[in-house]
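These numbers were taken from a predicted model, which means no experiment stands behind them. These numbers come from the heavy atoms of this one structure, side chains and all, not from hydrogens, waters or symmetry mates. Counting begins at 1 with the first residue of the sequence.
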Amino acid sequence: MTTTRRIIFVRHGESEANLQLASHISGQSNASPLTELGRAQSAALGKHLCSMLRLKQGDLSVDNLPVNARIFTSTAVRAVETAAGLQAGLGEHLLAAGLTVDPSAFIRCEALPDLLEISMGQIARYPGNFSAPGGESLRDVEHRMTRCVRETVLPHAVPGGPPVVVVSHGIAIKCFLRESLNSDVASLRKVDCHNTSVTEVAWVESGNLQGWNVLRVNDTAHLLLEGMY
């Protein structure tokens with residue numbers, strides 16, 4: 001029987017940096033908070049996850065073993081605030097789920113420094129190995145994200161159980177997808193990752209599908225339901 005463990009990646013909600021830097025990437029602007037819309041997006045996703053994960057008392061067991069719900073989050077302010085919004089949306093069911101929020105610098109996007117002068121055009125010319133002063137290349141982010149997910153996040157995913165949630169950043173999520181699928185670096189520019197979008201992957205232990213499998217990308221159903229998209 002194939003054993004599958006699932007992880008949900010969530011891009012942080014709309015931040016002030018997103019509004020100021022339409023043609024740039026906010027990189028290590030870790031102090032940028034969510035906008036009012038970003039907070040509403042996060043709360044909407046929390047309610048959506050509550051329904052999707054069926055976080056109800058007595059429903060959190062796999063083979064009669066208790067399941068601890070867990071959210072990993074980047075240490076950037078916009079990601080931590082998004083995780084808090086998810087908590088608010090999940091509400092009272094957190095008590096039944098025993099939710100733990102685990103800030104992890106390893107899932108922060110560090111592809112660029114506190115930017116402001118780094119444009120998308122510059123990155124496009126050097127897609128894989130471009131590294132701004134004091135920052136990482138996309139290749140570096142890919143390796144760091146993949147290692148963190150395998151070593152830190154995946155062990156908390158219960159085979160056949162609900163997914164672990166990771167609140168991170170658009171580039172970091174897309175870097176994980178690229179390396180996991182061994183796709184071309186240029187493909188990063190062709191994958192959208194909207195604020196609070198859900199990207200879900202599964203780790204299959206054996207068989208023809210062994211390894212990472214992508215279940216959905218850039219799912220914004222919760223925003224559509226709330227009229228935010």
Beyond-backbone contact of V164 with F72, side-chain heavy atoms, under 4.5 angstrom:
yes
Grab the two heavy atoms, one from I8 and one from P163, that are nearest each other, plus how far apart they are.
CD1-CG, 3.5 Å
How long is the straight-line distance from CZ of R178 back to CD1 of I171, given to the nearest 0.5 Å?
14.0 Å
Report yes or no: do L154 and L181 belong to one cluster of Ile/Leu/Val/Met/Phe/Trp/Tyr joined by side chain heavy-atom distances under 4.5 Å?
yes
Please answer whether the main-chain N or O of V191 pairs with a side-chain N or O of N218 as donor and acceptor at a distance below 3.5 Å.
no
Is it true that a side-chain atom of Q210 and a backbone atom of E205 form a donor plus acceptor pair closer than 3.5 Å?
yes
Between H222 and T196 (side chain of the first, backbone of the second, donor and acceptor by atom type, cut-off under 3.5 Å), is there such a pair?
yes
Measuring from E151:CD to T146:OG1, what's the distance to the nearest 0.5 Å?
10.5 Å
Calculate, to the nearest 0.5 Å, the distance between atoms CE and CG belonging to M228 and N195 respectively.
12.0 Å
Hey, could you give me the CG/CG distance between L86 and L45, rounded to the nearest 0.5 Å?
5.0 Å
When clusters are formed by joining ILVMFWY residues with side-chain heavy atoms under 4.5 Å apart, either directly or through shared neighbours, do L34 and V166 land in the same one?
no
Is there side-chain contact between E81 and P33, with at least one heavy-atom pair below 4.5 Å?
yes
When you look at E36 and R39, which way does the salt bridge (charged side-chain N to carboxylate O under 4.0 Å, His left out) test go after all the steps?
CA-CA 5 Å; E36 183 177 349; R39 290 189 290 273; 5.3 Å; no
Report the C-alpha separation of V149 and V201 in whole Å, then their side-chain angles, then the decisive distance to 0.1 Å, and conclude whether the side chain to side chain contact (heavy atoms under 4.5 Å, CB included) test is met.
CA-CA 11 Å; V149 171; V201 300; over 6 Å; no
Answer yes or no: is there a donor N or O on one side and an acceptor on the other, between the side chain of Q41 and the main chain of E14, under 3.5 Å?
yes
Treating K174 as the side-chain partner and C193 as the backbone partner, does any N or O pair qualify as donor plus acceptor under 3.5 Å?
no
If you apply the rule salt bridge (charged side-chain N to carboxylate O under 4.0 Å, His left out), what do you find for R78 with E16, and how did you get there?
CA-CA 9 Å; R78 58 193 181 278; E16 292 182 1; over 6 Å; no
Heavy-atom pair with the smallest gap, counting every atom of E226 and A44:
CG-CB, 3.7 Å
Donor-acceptor under 3.5 Å (N213 side chain, G211 main chain)
yes
Compare every heavy atom of A202 with every heavy atom of R6, then report the nearest pair and how far apart it is.
CG-CB, 4.1 Å
Check step by step if side chain to side chain donor-acceptor pair (under 3.5 Å) holds for H12 and S74.
CA-CA 9 Å; H12 61 79; S74 157; over 6 Å; no
Taking L215 as the starting point, is it possible to reach V158 by hopping between hydrophobic residues whose side chains are less than 4.5 Å apart?
no
How long is the span from the NZ atom in K47 to the CG atom in L225, to the nearest 0.5 Å?
10.5 Å
Nearest heavy atoms of T220 and S197, plus distance in Å:
CG2-CB, 3.8 Å
Can you name the closest pair of heavy atoms from L223 and H194 and give their distance?
CD1-CD2, 3.6 Å
Scanning both residues in full, the closest heavy-atom pair of H48 with A221 reads CE1-CB, 4.4 Å
Specify whether F176 and F9 have parallel, tilted or perpendicular ring planes, treating 30° as the upper limit for parallel and 60° as the lower limit for perpendicular.
tilted
Would you say T73's side chain and A79's backbone share a donor-acceptor pair under 3.5 angstrom?
yes
Are E179 and W212 packed together at the side-chain level, in the sense that at least one heavy-atom pair is separated by less than 4.5 angstrom?
no
N/O donor-acceptor pair under 3.5 Å between S32 side chain and A17 backbone:
yes
